[in-house]
Amino acid sequence: MLVLVAPGQGAQAPGFLTEWLDFPGVRGALEAWSDAAGLDLIRYGTEADAEEIRDTAVAQPLLVAAGLASAHLLFDDPAELPRKVGAIAGHSVGEFTAASLAGVLSHEEALRLVRTRGLAMAEAAAVTETGMAALLGGDPAVTVPHLEKLGLTPANINGAGQIVAAGTKEQIAALEADKPEGVRKVVALKVAGAFHTHHMAPAVDTLAKAAEALAPGDPKVRYVSNKDGRTVAGGAEVVERLVGQVASPVRWDLCMETFKELGVTALIEVCPGGTLTGLAKRALPGVKTLALKSPADLDAARELIAEHA
């Protein structure tokens, strides 16, 4: 059983879309999605430097566009995806990629909504000086209560022992000075704010208003939600969860537990892949994994699809 996953913010790198533009249809699709997002996705994906694409309002639509473009190159016909993919999920903003590939939103709707999300999250992050930090090592049963004692939120519980904490700069500093037992290191992340926490509540309201105009379809592929790892069958509920997820923790650990329960045998991470396949290698032993890092990975990915679809 094949699972398709889409990465979240931080996976982008300067020039990562350049090679993908050589494939028929990719440039035209990116131009259309640029119009929908009000953003020159081709320039940002080929010419912009690391600082430009670190901007939340840019990074989010750029990642969704990259994921959509690379996923379609896996199949001769887009209609094959629902027939061959057993489940689909995305990490944080990657949920928009997953929802669009599953047929809940059109690609243009996904790009418009995710652009609104990125702008709203950037605006919310500017209210208070906040940040995020990855904890290396430790036991979640010990780490999570320790974070809560310091007023921090375990914003990403990623499985394979990986947790990302979020809160004010002062709370992050307190964490660095008082690490949970078993945690080897606290690494501050280069992000604009405390995503997936109550600090993002204003962005939830903005996104909810933007989503009112949508008429989502029900997913054509099993859609696994970050909120609790549960599969969601209704399009309206998928969108409701996309909106609320901005201010609630990402439970990627529970998503991987669901993959396991569904009988996953192979997992492909769309462009720019790497992060989620790394987690899967540790949390899902025996499952074949492949990350689409460049077009050079497409042939191997198609072979994996042929074996596990």
Side-chain angles (χ1 to χ4, degrees), residues 1-11 67 82 84-99 101-102 104 132 134-148 153-166 180 182-183 195-197 218-234 237-238 240-242 244-270 273-291 304-305 308-309:
M1 197 273 284
L2 175 68
V3 169
L4 198 64
V5 298
Q9 202 164 331
K84 295 188 174 182
V85 175
I88 195 164
H91 188 285
S92 188
V93 71
E95 286 205 291
F96 282 75
T97 313
L101 290 171
V104 175
M132 304 179 80
L135 284 74
L136 307 183
D139 179 351
V142 174
T143 297
V144 170
H146 188 92
L147 295 178
E148 291 170 346
T153 300
N156 298 166
I157 303 180
N158 288 330
Q162 187 184 107
I163 291 179
V164 175
V183 171
F195 303 148
H196 301 292
T197 72
D218 294 336
K220 297 180 176 66
V221 184
R222 283 192 199 94
Y223 177 91
V224 182
S225 168
N226 282 184
K227 181 177 180 179
D228 49 17
R230 190 168 68 81
T231 57
V232 181
E237 185 180 354
V238 170
E240 182 182 336
R241 283 168 172 250
L242 288 176
Q245 196 60 38
V246 172
S248 64
V250 171
R251 295 301 307 266
W252 192 251
D253 59 332
L254 299 180
C255 290
M256 289 196 292
E257 284 297 320
T258 297
F259 300 161
K260 192 185 299 182
E261 291 167 8
L262 291 171
V264 59
T265 57
L267 179 146
I268 294 175
E269 182 180 2
V270 298
T275 303
L276 301 181
T277 46
L279 292 170
K281 284 174 183 176
R282 298 194 293 276
L284 300 170
V287 173
K288 292 188 177 181
T289 62
L290 190 144
L304 203 62
I305 292 169
H308 295 267

On a heavy-atom basis, which atom in [X] and which in [Y] lie closest, and how many Å separate them?
{"X": "Ala233", "Y": "Pro219", "result": "O-CD, 3.3 Å"}
{"X": "Asn226", "Y": "Glu95", "result": "N-OE2, 2.9 Å"}
{"X": "Asp218", "Y": "Val104", "result": "C-CG2, 4.5 Å"}
{"X": "Pro145", "Y": "Val142", "result": "CD-O, 3.4 Å"}
{"X": "Ala87", "Y": "Val224", "result": "CB-CG2, 4.4 Å"}
{"X": "Pro249", "Y": "Pro154", "result": "CB-O, 3.4 Å"}

Flag side-chain contact, heavy atom, 4.5 Å: Leu284 against Lys260: yes
Side chain to side chain contact (heavy atoms under 4.5 Å, CB included) assessment of Val264 paired with Met256: CA-CA 9 Å; Val264 59; Met256 289 196 292; over 6 Å; no
Flag, side chain of [X] to backbone of [Y], donor-acceptor distance under 3.5 Å:
{"X": "Thr258", "Y": "Gly229", "answer": "yes"}
{"X": "Thr265", "Y": "Met1", "answer": "yes"}
{"X": "Arg251", "Y": "Asp228", "answer": "no"}

Value rounded to 0.5 Å, distance of CZ in Arg241 from CD in Glu237: 4.5 Å
Gap between atom CG of Leu267 and atom CG of Leu2 - 0.5 Å precision: 7.5 Å
Asn156 and Trp252: CA distance, side-chain angles, deciding distance, side chain to side chain contact (heavy atoms under 4.5 Å, CB included) verdict: CA-CA 7 Å; Asn156 298 166; Trp252 192 251; over 6 Å; no
Test log, rule side chain to side chain contact (heavy atoms under 4.5 Å, CB included), inputs Leu147 and Ile163: CA-CA 10 Å; Leu147 295 178; Ile163 291 179; 4.0 Å; yes
Short side-chain donor-acceptor distance under 3.5 Å, Thr153 and His196: no
Test side chain to side chain contact (heavy atoms under 4.5 Å, CB included) applied to Val164 and Asn158, step by step: CA-CA 8 Å; Val164 175; Asn158 288 330; 4.3 Å; yes
